Participant: 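Next up is a structure, given as structure tokens.
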Number of protein chains: 2
Amino acid sequence: MSLKIALLGILDLAPMTGYDLKKSIEASVAHFWSADQSQIYRTLAVLVSDGLAEVEVVPQQGRPDRREHHITPAGRGALNDWLRSPLEPETPHDAFLMRLFFVGTLGVPATRALLRTRRNQATALLAALRGVAEQEQSPREPDDRAPDDLGRRLRFATLRNGILHAEAELAWLVETKEALG
Amino acid sequence: MSLKIALLGILDLAPMTGYDLKKSIEASVAHFWSADQSQIYRTLAVLVSDGLAEVEVVPQQGRPDRREHHITPAGRGALNDWLRSPLEPETPHDAFLMRLFFVGTLGVPATRALLRTRRNQATALLAALRGVAEQEQSPREPDDRAPDDLGRRLRFATLRNGILHAEAELAWLVETKEALG
DNA sequence: TACCTATATAGGAGCACACCTATACAGGAC
DNA sequence: GTCCTGTATAGGTGTGCTCCTATATAGGTA
């Protein structure tokens with residue numbers, strides 16, 4: 001369901017090809033959503049056949065035609081319906097915690113190694129998120145200034161969410177390391 | 001993949017029926033993993049056909065026979081292999097953040113409502129996790145004392161992880177509410 | 001010359017999972 | 001007497017996703 005929504009949401013900001021969408025996802029929502037390229041094309045085809053998006057073919061020379069996808073009024077309706085639908089608590093699936101839950105049988109050194117790897121990953125993630133956040137916050141040219149509208153604040157808030165959780169993960173790692181003695 | 005591991009990990013602690021596994025998952029790993037009952041039975045059948053678990057039929061009167069699943073040496077091997085395999089950074093899928101990312105077009109009141117719902121969910125989750133943690137920590141009868149071994153500490157650590165993240169989420173919600181002015 | 005990257009598309013195969021449904025009996029609640 | 005809960009099993013159907021592969025051309029790098 002949600003990849004459809006992600007695509008509709010991005011297409012609502014600007015019309016795009018599947019290729020553009022892939023890059024746009026990597027640049028903007030990668031910290032809370034990921035998408036396989038082939039899945040994007042498939043889902044895009046479903047959106048079109050459901051009347052939620054329309055294709056405009058833009059010929060190019062030396063390259064495949066751009067198949068630019070535009071959101072339709074029906075697509076905007078579907079997006080808004082989803083945004084207004086009740087927020088279900090999500091069913092968690094955390095492979096790292098499952099590993100930790102069962103890794104005890106392998107002994108203390110293996111456990112420490114697992115926690116170390118996790119710390120490296122969390123540190124790298126935090127640095128990446130802080131890098132993006134700084135760019136977002138950096139002062140802009142006066143004539144280039146994007147409006148500090150609700151949407152922009154909310155997009156920044158999703159970044160802050162990732163940062164706070166990465167910090168919490170690192171704090172937990174310190175605590176857990178100590179608890180192992 | 002990971003449900004197989006969850007089942008093997010739990011069966012490594014004690015042999016169980018599918019029904020027992022469902023309850024065990026709800027009682028112990030629900031804060032980071034969820035499993036559908038029909039999926040448990042299907043996955044259990046795969047484990048048996050792969051030689052990772054064996055069934056012992058225990059007849060009962062008035063109830064269906066217990067089909068008790070025991071982990072085999074091959075199953076223990078597969079579990080350990082997975083535990084030792086490299087920890088891949090997970091690809092995130094957070095439907096709430098996606099909602100927040102796009103909800104700006106609906107306006108400030110809808111945004112506030114979304115954040116309020118999220119706060120209620122996070123508060124409930126935190127209370128539930130703290131409840132479980134207290135039970136785990138509560139002093140036991142001297143002759144009933146479970147060994148405070150590595151496994152037990154790690155299982156407690158996964159709970160602490162959930163608690164710290166729930167707290168981080170609430171802190172983020174306060175910050176975000178203020179940022180909306 | 002040969003490879004690598006960027007642009008742009010999309011199918012094949014298969015996994016893991018969720019939602020819904022069905023079967024069967026015991027014991028307690030109302 | 002009927003309904004609900006607990007114990008115990010399992011299939012049907014469909015979704016959403018990943019991994020791998022294929023096609024085609026331009027331009028830069030070794």
Side-chain angles (χ1 to χ4, degrees), chain A residues 1-8 15-27 29-30 32-50 52-53 55-69 78 82 88-95 98, chain B residues 1-8 15-27 29-30 32-50 52-53 55-69 78 82 88-95 98:
Chain A
M1 190 66 230
S2 294
L3 181 56
K4 279 190 195 175
I5 299 298
L7 298 184
L8 285 175
M16 286 188 195
T17 68
Y19 190 82
D20 295 336
L21 278 163
K22 174 68 175 151
K23 285 189 299 180
S24 178
I25 285 171
E26 268 158 23
V29 305
F32 61 85
W33 207 265
S34 64
D36 180 76
Q37 169 258 72
S38 70
Q39 190 61 19
I40 290 173
Y41 281 99
R42 252 185 270 261
T43 304
L44 224 30
V46 173
L47 291 182
V48 171
S49 78
D50 287 354
L52 306 180
V55 180
E56 183 193 350
V57 178
V58 181
Q60 295 192 121
Q61 37 208 21
R63 299 226 173 104
D65 292 351
R66 286 175 64 78
R67 293 172 48 80
E68 218 162 61
H69 290 71
W82 183 80
E88 306 294 343
E90 7 205 342
T91 57
H93 287 102
D94 189 320
M98 199 161 77
Chain B
M1 191 65 231
S2 294
L3 181 55
K4 280 190 196 174
I5 298 299
L7 298 185
L8 285 174
M16 285 189 196
T17 67
Y19 190 81
D20 295 335
L21 279 162
K22 174 66 175 153
K23 282 189 301 179
S24 178
I25 285 171
E26 267 159 23
V29 305
F32 61 85
W33 206 265
S34 63
D36 180 75
Q37 167 259 73
S38 69
Q39 191 61 22
I40 289 174
Y41 280 99
R42 252 185 271 259
T43 304
L44 223 30
V46 173
L47 290 181
V48 171
S49 79
D50 288 354
L52 306 180
V55 179
E56 184 193 348
V57 178
V58 181
Q60 295 192 121
Q61 38 207 21
R63 299 224 174 106
D65 293 351
R66 285 177 63 78
R67 292 171 49 79
E68 220 162 59
H69 290 72
W82 182 81
E88 306 293 343
E90 6 204 343
T91 55
H93 287 102
D94 189 321
M98 199 163 77

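The sequence lines fix the lettering, A, B, ..., with proteins before strands; numbering per chain opens at 1. Values reported hereafter were calculated over all heavy atoms of this structure, with side chains retained and with hydrogens, waters and symmetry mates removed. If you're wondering where the values come from, they're calculated on a predicted model, not measured in any experiment.
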Participant: Whole angstroms only, please: what is the CZ-P distance between B/R66 and C/dA26?
Facilitator: 18 Å
Participant: Please identify each residue that fulfils side chain to side chain donor-acceptor pair (under 3.5 Å) with A/D36, with sequence neighbours left out.
Facilitator: A/S38
Participant: Please name all residues satisfying side chain to side chain donor-acceptor pair (under 3.5 Å) with B/S24, sequence neighbours left out, ordered by chain then number.
Facilitator: none
Participant: Under the salt bridge (charged side-chain N to carboxylate O under 4.0 Å, His left out) rule, collect the residues that match up with B/R66, sequence neighbours excluded.
Facilitator: B/D20, B/E68
Participant: Can you find a pair of side-chain heavy atoms, one from B/H69 and one from B/V48, that are under 4.5 Å apart?
Facilitator: yes
Participant: Could you tell me which residues satisfy side chain to side chain donor-acceptor pair (under 3.5 Å) with B/K22, sequence neighbours excluded, listed by chain and number?
Facilitator: B/E26
Participant: Quickly work out the B/I5 CD1 to C/dC17 P distance and round it to whole Å.
Facilitator: 11 Å
Participant: Would you tell me if any nitrogen or oxygen in the side chain of A/T17 comes within less than 4.0 Å of OP1 or OP2 on C/dT9?
Facilitator: yes
Participant: From CD of A/E88 over to P of C/dC17, roughly how many Å is that when rounded to an integer?
Facilitator: 20 Å
Participant: Once you round it to whole Å, what is the distance between P of C/dT5 and OH of A/Y19?
Facilitator: 12 Å
Participant: Write down the distance between CE (A/M16) and P (C/dA8), rounded to a whole number of angstrom.
Facilitator: 12 Å
Participant: Specify the residue among B/H69 and A/L3 whose closest nucleotide of DNA chain D lies further upstream toward the 5′ end.
Facilitator: B/H69
Participant: Tell me the closest heavy-atom pair linking B/G18 and B/I40, and the distance in Å.
Facilitator: O-CG2, 4.0 Å
Participant: Which one, C/dA13, C/dT7, D/dT13, comes nearest to the side chain of A/R42?
Facilitator: C/dA13
Participant: Starting at the 5' end of DNA chain D and moving along, which residue's nearest nucleotide shows up first, B/D20 or B/H93?
Facilitator: B/D20
Participant: Specify the separation, in whole Å, of atom CG of B/L44 and atom P of C/dC17.
Facilitator: 13 Å
Participant: When the distance from CG of B/L21 to C1' of D/dT7 is rounded to whole Å, what number comes out?
Facilitator: 14 Å
Participant: Does anything in residues 32-41 of chain B come within less than 4.0 Å of DNA chain C? Heavy atoms only, and list the residues if so.
Facilitator: B/W33, B/S34, B/D36, B/S38, B/Q39
Participant: A/R67 near the nucleic acid: base, sugar-phosphate alone, or nothing, with a heavy-atom cut-off under 4.0 Å?
Facilitator: sugar-phosphate
Participant: Which whole-number value in Å describes the distance from B/L47 CG to D/dA10 C1'?
Facilitator: 16 Å
Participant: Test of understanding: with salt bridge (charged side-chain N to carboxylate O under 4.0 Å, His left out), list the residues that count as partners of A/E56, not counting sequence neighbours.
Facilitator: none
Participant: May I ask you to say what A/K23 touches in the nucleic acid, namely base, sugar-phosphate or nothing, with a heavy-atom cut-off under 4.0 Å?
Facilitator: sugar-phosphate
